[in-house]
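Note that this is a predicted model, so its numbers are computed, not measured. Chain naming here is simple, since letters A, B, ... match the order of the sequence lines and numbering starts at 1 in each. Below, each value reflects all heavy atoms present in this structure, side chains not excepted, and no hydrogens, waters or symmetry copies.
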Amino acid sequence: MRMNKRALLTSIAASAVAAAAGPAFAEKKYGPGASDTEIKVGNTMPYSGPASAYGLIGKSIEAYYKKINAEGGVNGRKINFISYDDAYSPPKTVEQVRKLVESDEVLLVFQPLGTPSNSAIHKYMNAKKVPQLFVATGATKWGDPKNFPWTMGWQPNYQSEGRIYAEYLMKNRPQGKIGILFQNDDYGKDYVKGMKDGLGDKAKTMIVSEQPYETSDPTVDSQIINLKSSSADVFFNVTTPKFAAQAIKKAHEIGWTPLHLLNNVSNSVGSVLKPAGLDASKDILSTAYLKDPTDSTWDNDPGKKDWLAFMDKYFPEGDKTSSFTVYGYSVAQTLLQVLKQCGDDLTRENVMKQAASLKDLQLAMALPGIKINTSEKDFFPFEQMQMQKFNGERWELFGPIMSGEVGS
Amino acid sequence: MELFLHQVLAGLATGGIYACMALAVVMIYQAIDHLNFAQGEMAMFSTFIAWQLIQWGLPYWLAFGATIAISFVAGVAIERVVLKPLHNAPVLSHVVAFIALLAILNSAAGFIWDYTIKSFPTPFGNGPLFEQGLMSKHDGGMIAVTLLMLAFLYLFFRHTRIGLAMRAAAANPESARLAGIRVGWMTALGWGMAAAIGSVAGMLIAPVVFLEPNMMLSILLYGFAGAVVGGLTSPGGAVLGGFLVGIVENLAGTYIPVVGREMKLTIALFIIVAVLCVKPSGLFGRPIVTRV
């Protein structure tokens, strides 16, 4: 009986708070996977297979929600993060996501990784009306609320980034002759499109050579030679890590020294620039939107200190020099903000509504001034980046925060 | 004209990669009369062993030698453990075993060393071979080593007892056994040598394409193309075939607009099919005659 009395008291106290907090609290609404005690969040990640390096993102997210749960959860509910391995294979993603939706009955699917994997579940998620939220790929097609209202990206999309480089060139190298090396798929073509859109009418005269490569090519040596002989003096390098390292190395070897723009996908110092040769990588330009954990500029930054404390306590085996742990930490915080905003209305509709109502969200590990903004029509959370230059040792940020908004 | 020369030389350099691999393919074909699909992964795994040894502080050449020795022993062991029990089984069983080996080695390498790319040192020094920088020192060194291996194989198969015994064991196991050759061990020896040659190929290729578990997947395909063009029974032909594929691939990619660049891999496959149609035993291979 005593317990009951206490429960009664708490509930009275709670309703007093509720009255103050507004009507949302009064009517608790739950979609599948949500209850008074927990919120089920589904996810797929390549923990095995060729892209398993990305698995670090999933592990960081899991560690972060362990921290949140230990500190009392979100609005009193624990986050139950269910993450399955899809080995970066789209058919497996479909299988795992169906399991998440139909058997685990999660409230939403969060951060499934990879452009092909997300393409494979794109239609399914929208037909089932389950949020496919903050997907881990930069393809531009995730920001299409008209046709796919249940899907949203997170990181700056490839076209935006392409536009930012174009803006930089228009200002600093208006007479430049651009040679492009790009992966012959959606990802590579998105970048090229962003660049061309950004250059506008000048694209035809400025771009002197476009060299595609296939992921099955053993090397890109032949393409680099073609670019050099096209007399390009700007090199737009749209490649995944292995080919980026090959391209940097080859260009250096044959003595081609253009202004080198390297896409954000491959600007990891440890896994691209170091293998390619730090000397050969000097003066390369790229973009950033998150803080580089190896950059000593942030040593006294409270955001980085919090992140380090989190890593030490909840993910001690995680790699503190990897940008993936920062990425996982940041995207997990973004979902946390959405769930906080949802309050007690934990339906799938409200999750999407709140995800599309993020205003000037400054994440602790995002660069100062780079904020997340979304709206009913804007499904691109990050659209700003800052340019950076590699000094032979680490990246140095320079210039203003640039926006590469893609017209919707 | 300058572009043409550049592309030919670059083709020669990548051709060197394919030639290395083609040589390993021919080696195993000589020993077991089959193509080994796991050849590339075996080479990749050996290269990781070399990388690990270097990480542990061994000097390059010591690691190089040790890796060849380890690979040789491992090759013999694979034959003894995995393939000996299958030696009377139909070809399909062998193919399945090869594919299983491929998957196992690939995943194991990923599990142990993860999938991020690693730089592999070159013993030939960095920088261009000649003034103009058409070819790097490493490319030159790689081609030289390939030719050296070729010479070694030539001498081995033509002029040593054991080399002749191996050829006999592969070509006609029945008669070879009657002549007192231990056919089973010859096959194992063939595997060992193929693994050793593969490890050399891997260590030469890795500085160019960077070391990671999938580095050999497409290279093996081009290596097969080279071996088929030259003839699966002729080491010299295979090396020449490798160079040929490298050059043709680059020139087609550069000079045939649209088709070229996007269809580079298709070109390799097209070469395989074309050669098989016109000259099934390859440009330099012995025609295969079976006694009925």
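- No more than 12 heavy-atom neighbours from other residues, nucleotides or ligands sit within 6.0 angstrom of CD on A/Glu393.
- With a 4.5 Å cut-off on non-hydrogen atoms, B/Phe111 does not touch chain A at all.
- At a 4.5 Å heavy-atom cutoff, the contact between B/Tyr222 and chain A is made by side-chain atoms alone.
- Nearest heavy-atom pair, A/Lys249 versus B/Phe210, reported as atom, atom and distance to 0.1 Å: CD-CZ, 3.9 Å.
- Rounding to the nearest 0.5 Å gives a distance of 5.5 Å between NE2 of B/His6 and NZ of A/Lys228.
- Using a 4.5 Å cut-off between heavy atoms, A/Lys242 touches chain B through backbone and side chain atoms alike.
- Atom OG1 in A/Thr219 sits 8.5 Å away from atom CD1 in B/Ile219 (nearest 0.5 Å).
- Around CZ of B/Phe4, the count of heavy atoms belonging to other residues, nucleotides or ligands within 6.0 Å does not exceed 12.
- Remark: of the listed residues B/Leu9, B/Thr254, B/Leu3, B/Leu3 is the sole one forming a side-chain contact (heavy atoms from CB on, under 4.5 Å) with A/Ile225.
- Here the OG1-NZ distance, from B/Thr116 to A/Lys274, works out to 11.5 Å after rounding to the nearest 0.5 Å.
- Of all heavy-atom pairs between A/Gln246 and B/Val208, the closest is CG-O, 3.8 Å.
- How far OG of A/Ser216 is from CG of B/Asn214: 12.5 Å, rounded to the nearest 0.5 Å.
- The local environment of CZ in A/Phe315 is crowded, with over 12 non-hydrogen atoms from other residues, nucleotides or ligands closer than 6.0 Å.
- Heavy atoms only, all atoms of each residue included: A/Pro241 and B/Ile117 are closest at O-CD1, 4.0 Å.
- Contact count against chain A (heavy-atom pairs under 4.5 Å) is highest for B/Ser218 among B/Gly110, B/Ser218, B/Ser107, B/Ser119.
- Using a 4.5 Å cut-off between heavy atoms, A/Ser229 touches chain B through its side chain atoms alone.
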